[in-house]
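Everything below concerns the one structure shown next.
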Amino acid sequence: MVLSGLTVTICGGATGGCAAALLLARAGARVTLLERVAEPRAIGAGIAIAENGLAVLESLGLGPALAVARPVTEVRIVDANGRTLLAPRGQPPRAVLLRRSTLQGMLLDAVANEPLIDRRFGTEVVRATTDGEVTARAETGEFSLRADLVIGADGVHSRVREGGNFGARVRSTGIRYVRTLLEADVATGTEAWTPAGLFGAFAVDGGTYAFASCGTSALGSALDAGDLTAFRTAWTRAYPPSARVLAGLKSFDELIQNEVIRVDCARWADGKLALLGDAAHAMAPNLGQGANSALVDGAVLLDELRRHDTVAAGLAAYQKRRRKAVKRVSDASSRLGKLAEVTHAVPRTMRDRLLMPVVGLFATTKATDLLLQEPTETLLAVGRSR
Ligand SMILES: Cc1cc2nc3c(=O)[nH]c(=O)nc-3n(C[C@H](O)[C@H](O)[C@H](O)COP(=O)(O)OP(=O)(O)OC[C@H]3O[C@@H](n4cnc5c(N)ncnc54)[C@H](O)[C@@H]3O)c2cc1C
């Protein structure tokens with residue numbers, strides 16, 4: 001299908017929505033990008049972008065902007081004493097770490113320079129219907145838009161998903177994470193699985209990105225009470241290297257909190273609606289593939305629309321190519337997340353001594369290919385071809 005003249009409404013202007021907007025607009029589609037947040041630039045803490053996400057971003061000409069990101073030189077999970085629990089054999093796939101605001105900023109700059117994208121920020125999608133109508137609310141009031149294709153890139157609590165029959169399962173995992181950015185260079189450079197859950201601190205552009213799950217009741221209570229001292233104390237007891245990292249926090253409000261929610265959809269398309277990114281497949285963060293998968297979604301969606309004569313046929317092929325591939329990654333991420341949350345001493349010792357060597361046997365090149373979902377050359381070619 002030639003995309004020139006195709007009208008597309010994209011709901012949600014974060015990683016998935018911006019990348020899809022760029023891919024489709026550069027293929028000739030006329031895109032309207034609706035984003036609830038008026039100034040969606042300064043968001044989040046840090047993010048790891050792996051080979052698959054990098055290929056999509058590079059295909060969009062963002063390679064030079066990505067030069068500020070810090071390369072991941074080693075992939076290794078350690079215990080609280082620094083002993084290696086898991087280290088994939090062979091060369092790990094290429095990956096970088098950067099501030100989320102840096103990633104979002106480069107996508108927004110590219111979107112702003114794309115004449116076929118009409119940006120409407122500060123605009124909240126209220127509902128979407130399978131015939132391609134989207135109703136949204138802006139400062140000036142409510143309005144409706146009709147398009148040949150509507151993409152729900154509006155995250156875990158997607159409004160677009162509510163408008164179609166996607167067979168969605170939205171599950172709360174009960175696992176809580178905190179993330180923060182620190183100005184100082186206090187990276188530990190590894191992810192540690194500790195008696196309190198998982199803790200990592202990695203260098204990003206202009207500082208350190210730290211993240212932690214909060215698997216014990218002491219940490220849960222500290223979060224509920226907004227008590228930074230109790231939070232630091234509990235972490236220092238479980239994992240002494242965390243003390244140096246957390247010392248840089250000035251207030252509790254610098255911690256961004258999330259509960260991990262998983263979304264699985266039986267269908268990714270219904271009528272003129274299609275889902276992409278977390279709206280379709282929010283997953284545990286343990287393999288760092290949520291945003292990367294959202295980027296791959298956009299590239300595959302474009303590829304399949306081009307290969308088929310109608311939007312309906314393109315969407316059916318998109319769903320077929322993506323759903324199973326993402327589910328495999330999402331399942332693996334959940335399993336890894338559960339292992340990281342084993343906090344009691346006996347099962348933790350059994351995990352570390354007996355289970356992790358077995359898990360290590362599966363950390364092969366084949367597993368990496370499944371994780372990355374699509375060949376890098378394919379992803380590069382889709383975004384580059386006009
Ligand atoms: C602790 C943690 C760490 C993570 N680390 C990584 C990592 O290292 N690498 C990785 O690849 N992934 C990671 N992820 C996952 C990643 O954050 C998500 O998968 C990714 O942000 C999904 O992008 P998205 O564009 O689909 O959705 P979102 O980022 O959720 O964006 C949705 C957008 O839609 C907008 N929106 C929502 N509702 C509406 C509405 N009604 N109208 C208009 N706009 C709306 C929102 O404002 C937002 O801008 C992590 C997740 C967590 C929780």
Side-chain angles (χ1 to χ4, degrees), residues 9-21 32-54 56-57 69 72 95-100 103-104 107-108 119-128 134-138 150-163 173 175-180 191 197-198 200 202 204 209-214 255-263 275-298 326 329-330 333 337 340 371-373:
T9 304
I10 299 184
C11 307
T15 315
C18 283
T32 304
L33 181 60
L34 307 176
E35 166 56 49
R36 179 172 55 189
V37 177
E39 300 276 344
R41 197 164 282 257
I43 51 145
I47 190 158
I49 298 295
E51 172 116 12
N52 49 356
L54 284 172
V56 177
L57 295 170
V72 176
V96 298
L97 279 150
L98 73 168
R99 288 172 180 252
R100 259 182 206 256
L103 174 65
Q104 180 70 1
L107 285 165
L108 288 173
R119 290 170 298 153
R120 304 204 194 168
F121 295 162
T123 301
E124 178 166 20
V125 171
V126 181
R127 71 186 154 270
V134 171
T135 305
R137 196 183 298 126
V150 174
I151 296 175
D154 49 347
V156 173
H157 304 291
S158 171
R159 276 284 161 81
V160 175
R161 201 174 59 221
E162 287 170 9
T173 63
I175 299 175
R176 289 164 90 178
Y177 272 82
V178 294
R179 297 177 274 174
T180 193
E191 177 177 312
L198 165 165
F202 290 87
V204 289
Y209 164 44
F211 53 88
S213 65
C214 298
L255 296 172
I256 301 170
Q257 292 190 50
N258 282 96
E259 186 186 339
V260 176
I261 294 176
R262 181 165 173 176
V263 175
L275 301 178
L276 172 154
D278 274 14
H281 55 68
M283 63 179 78
N286 304 74
L287 285 169
Q289 272 296 319
N292 286 294
S293 300
L295 291 167
V296 176
D297 292 342
V326 173
V329 176
S330 192
S333 222
L371 182 74
L372 298 178
Q373 306 159 43

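First listed ligand is number 1; within each ligand, the first listed atom is number 1.
- Under 4.0 angstrom from ligand 1, the non-hydrogen atoms of Thr123 all belong to its backbone.
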Next item on the list: Evaluate the side chain to side chain contact (heavy atoms under 4.5 Å, CB included) criterion for residues His281 and Val329: first the C-alpha distance (whole Å), next the side-chain angles of each, then the deciding distance (0.1 Å), finally the verdict.
Entry: CA-CA 10 Å; His281 55 68; Val329 176; over 6 Å; no
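- Between the choices Glu162, Met283, Arg179, Arg100, the shortest heavy-atom distance to atom 16 (C) of ligand 1 belongs to Arg100.
- In terms of protein heavy-atom proximity, atom 35 (C) of ligand 1 is nearest to Glu35 OE1, 3.2 Å.
- Side chain of Asp297 to main chain of Gly277: a donor-acceptor pair is present (N/O by atom type, distance under 3.5 Å, no hydrogens or angles).
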Next item on the list: Walk me through it: do Leu107 and Leu57 pass the test side chain to side chain contact (heavy atoms under 4.5 Å, CB included)?
Entry: CA-CA 9 Å; Leu107 285 165; Leu57 295 170; 4.0 Å; yes
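- Using a 4.0 angstrom heavy-atom cutoff, Thr15 counts as in contact with ligand 1.
- Among all protein heavy atoms, the one lying closest to atom 25 (O) of ligand 1 is Gly16 N, 2.9 Å.
- Contact record, Val150 with Cys11: CG1-SG, 4.1 Å, taken as the closest heavy-atom pair.
- Using a 4.0 Å heavy-atom cutoff, His157 is absent from the residues neighbouring ligand 1.
- Using modelled atom types, one finds no donor on one side chain facing an acceptor on the other under 3.5 Å when comparing Asn292 with Gln373.
- Every atom of ligand 1 is numbered from 1 in the order shown, and the set under 4.0 Å from a heavy atom of Glu124 is 41 (N), 42 (N).
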Next item on the list: Take Arg36 and Arg159 through the test side chain to side chain contact (heavy atoms under 4.5 Å, CB included) and record every step on the way to the result.
Entry: CA-CA 11 Å; Arg36 179 172 55 189; Arg159 276 284 161 81; over 6 Å; no
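- Those atoms of ligand 1 with a heavy atom of Gly290 less than 4.0 angstrom away are 10 (C), 11 (O), 12 (N), 15 (C), 19 (O).
- Looking at every heavy atom in both residues, Val37 comes nearest to Phe121 through O-CB, 3.6 Å.
- Closest non-hydrogen pair, Ser333 versus Pro285, comes out as OG-C, 4.3 Å.
- In terms of protein heavy-atom proximity, atom 31 (O) of ligand 1 is closest to Ala14 CB, 3.1 Å.
- Taking any N or O of Ile49, backbone or side chain, none lies under 3.5 Å from an N or O belonging to ligand 1.
- Atoms of ligand 1 found under 4.0 Å from any heavy atom of Arg159, numbered from 1 in the order shown, are 41 (N).
- No side-chain heavy atom of Asn52 sits less than 4.5 Å from a side-chain heavy atom of Leu295.
- Listed by number with element, the atoms of ligand 1 under 4.0 angstrom from any heavy atom of Gly277 are 26 (O).
- Under a 4.0 Å criterion applied to the non-hydrogen atoms of Gly288, ligand 1 contributes the atoms 7 (C), 9 (N), 10 (C), 11 (O).
- Below 4.0 Å from some heavy atom of Val37 lie the following atoms of ligand 1, by number and element: 47 (O).
- Of the candidates Asn52, Asp154, Val263, Leu97, Asp154 brings a heavy atom nearest to atom 37 (C) of ligand 1.
- The single protein non-hydrogen atom nearest to atom 30 (O) of ligand 1 is Gly155 CA, 3.7 Å, given as residue, atom name and distance.
- The shortest heavy-atom distance from Val156 to ligand 1 is not under 4.0 Å.
- Considering only non-hydrogen protein atoms, atom 3 (C) of ligand 1 sits nearest to Pro285 CB, 3.6 Å.
- When all heavy atoms are compared, the tightest approach of Ser330 to Ala282 is OG-O, 4.4 Å.
- Taking CG of Asn286 as the reference point, atom CD1 of Ile175 lies at 7.0 Å (rounded to 0.5 Å).
- Heavy-atom minimum distance, Ala279 versus Asp154: CB-OD1, 3.9 Å.
- Here Arg36 has heavy atoms under 4.0 Å from ligand 1 in both its backbone and its side chain.
- You'll find the side chain of Gln257 reaches within 4.5 Å of the side chain of Arg176, heavy atoms only.
- Of all protein heavy atoms, the one lying nearest to atom 9 (N) of ligand 1 is Ala48 O, 3.0 Å.
- Of all protein heavy atoms, the one closest to atom 19 (O) of ligand 1 is Asp278 OD1, 2.7 Å.
- Between Ala291, Ala153, Gly12, Gly200, it is Ala153 that holds the heavy atom closest to atom 32 (C) of ligand 1.
- In this structure, the side chains of Leu372 and Gln289 come closer than 4.5 Å at one or more pairs of heavy atoms.
- Considering backbone and side-chain atoms together, Tyr177 places no N or O closer than 3.5 Å to any N or O of ligand 1.
- Distances between N or O atoms of Val125 and those of ligand 1 include at least one value under 3.5 Å.
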